[in-house]
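Counting starts at 1 for both ligands and their atoms, in listed order.
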Amino acid sequence: MSALANHSFVKMNGIGNEIVVLDLRDVKHVVTPDEARAVAARVPYDQLMVLQPPRLDGTEAFIRIYNNDGSESGACGNGMRCVVRQVFEKTGQASATFETRAGLLNCWQGPAPDLYTVDMGVPKFGWQEIPLAEEFRDTRYIELQIGPIDAPILHSPSVVNMGNPHAVFWVDGDVNSYDLERFGPLLENHPIFPERANITLAHIVDRDHITMRTWERGAGLTKACGSAACATAVAAARLKRANRIVQMTLPGGELTIEWRERDDHVLMTGTATFEFEGRFEPQLFASVA
Ligand SMILES: N[C@@H](CCC[C@H](N)C(=O)O)C(=O)O
């Protein structure tokens with residue numbers, strides 16, 4: 001029987017990004033793609049954040065991040081804030097370090113009681129780090145052969161790795177006026193992205209404010225993608241079109257992103273909302289590997 005049978009979970013959201021938090025620190029079990037998809041069929045989520053026993057001294061947990069298609073990612077900003085809130089409410093802590101596949105993340109409560117900040121680390125810009133399938137010396141803009149997509153503005157994204165791959169397409173005006181549902185999957189799976197990519201449309205309102213919308217790798221259209229907000233803020237600052245502290249407006253809410261001058265770390269601040277707790281019925285995993 002699956003180790004997840006009868007296990008408790010918590011449903012949360014990070015400004016509308018649907019998150020399930022599953023604390024498996026008491027169980028030696030790595031969730032399989034089939035189990036991740038079975039959980040999504042029972043409790044629809046964008047990302048499943050699984051806490052595994054810590055592998056390093058001084059860390060709270062090793063976090064595995066699953067998209068609802070069963071694939072794994074190195075980063076999920078909104079999901080991390082949900083994990084942080086859960087852990088802090090249980091332990092009374094106000095700061096902690098977590099390990100992810102992309103590295104160590106320092107997290108803390110603040111600057112207001114309902115806000116959580118995650119240090120998302122240092123962005124990467126090298127074409128092999130994103131990764132891209134071929135060499136681009138300058139990743140502030142890359143020329144993409146997009147093919148049959150009938151959207152002429154979608155051609156030169158900025159690309160950034162924020163623990164996961166991101167392509168940011170700069171658009172004028174309302175980010176909702178583009179058919180992201182149609183061309184998101186084509187761009188996510190474009191051959192230039194060997195590990196696929198998260199696809200964002202972003203509009204720079206002014207140097208302190210950006211609006212954006214994301215088609216997520218492995219999850220589709222979501223109300224918010226925290227790592228995409230970080231990638232977008234950093235890409236805009238790299239192009240000298242925005243300041244290093246910016247307000248990001250996503251369909252699900254607001255995030256503040258700071259690309260810290262002194263060490264190039266990206267700090268993401270926003271809320272994390274509790275929805276409900278539950279327990280998985282054993283039969284959910286009956287036919288699962
Ligand atoms: N919603 C997330 C990003 C989740 C992972 C992403 N879909 C990927 O596969 O890289 C966020 O808030 O960062």
[X] near ligand 1, heavy-atom distance under 4.0 Å?
X	result
Ala219	no
Thr222	no
Asp46	no

Open item on the list: Regarding Asp114 and Arg85, does a basic nitrogen lie under 4.0 Å from an acidic carboxylate oxygen?
Closed with: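 So Asp114 does not pair with Arg85 through a salt bridge.
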For [X] and [Y], does a side-chain donor sit closer than 3.5 Å to a side-chain acceptor?
X	Y	value
Glu99	Thr59	no
Thr200	Thr214	yes
Asn176	Asp174	yes
Gln47	Asn67	yes
Ser71	Asp69	yes
Ser227	Asn164	yes

Heavy-atom nearest neighbour in the protein, as seen from [atom], with distance rounded to 0.1 Å:
atom	answer
atom 6 (C) of ligand 1	Asn198 OD1, 3.3 Å
atom 3 (C) of ligand 1	Glu216 OE1, 3.5 Å
atom 8 (C) of ligand 1	Ser73 OG, 3.3 Å
atom 12 (O) of ligand 1	Gly226 N, 2.6 Å

Task: Sub-4.0 Å atoms of ligand 1 with respect to non-hydrogen atoms of Ser227 - done: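 Reading through ligand 1 atom by atom, the close ones are 3 (C), 11 (C), 12 (O), 13 (O).
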Task: Enumerated ligand 1 atoms positioned under 4.0 Å from heavy atoms of Asn164 - done: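 Counting atoms of ligand 1 from 1, those under 4.0 Å from Asn164 are 5 (C), 6 (C), 8 (C), 10 (O).
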Task: Part of Gln47 with heavy atoms under 4.0 Å of ligand 1, whether side chain, backbone, both or neither - done: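 It is the side chain that touches ligand 1; the backbone stays farther off.
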Task: Residue portion contacting ligand 1 (non-hydrogen atoms closer than 4.0 Å) for Asn78 - done: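 Looking at Asn78 and ligand 1, atoms from backbone and side chain both fall under 4.0 Å.
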Task: Asn17 (side chain) donor-acceptor with Cys225 (main chain) under 3.5 angstrom - done: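 Flag not set: sc Asn17 to bb Cys225 has no pair under 3.5 Å.
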Open item on the list: Regarding atom 5 (C) of ligand 1: of the candidates Cys76, Ala228, Ala75, which has the closest heavy atom?
Closed with: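 Going through Cys76, Ala228, Ala75 one by one, Ala75 has the nearest heavy atom to atom 5 (C) of ligand 1.
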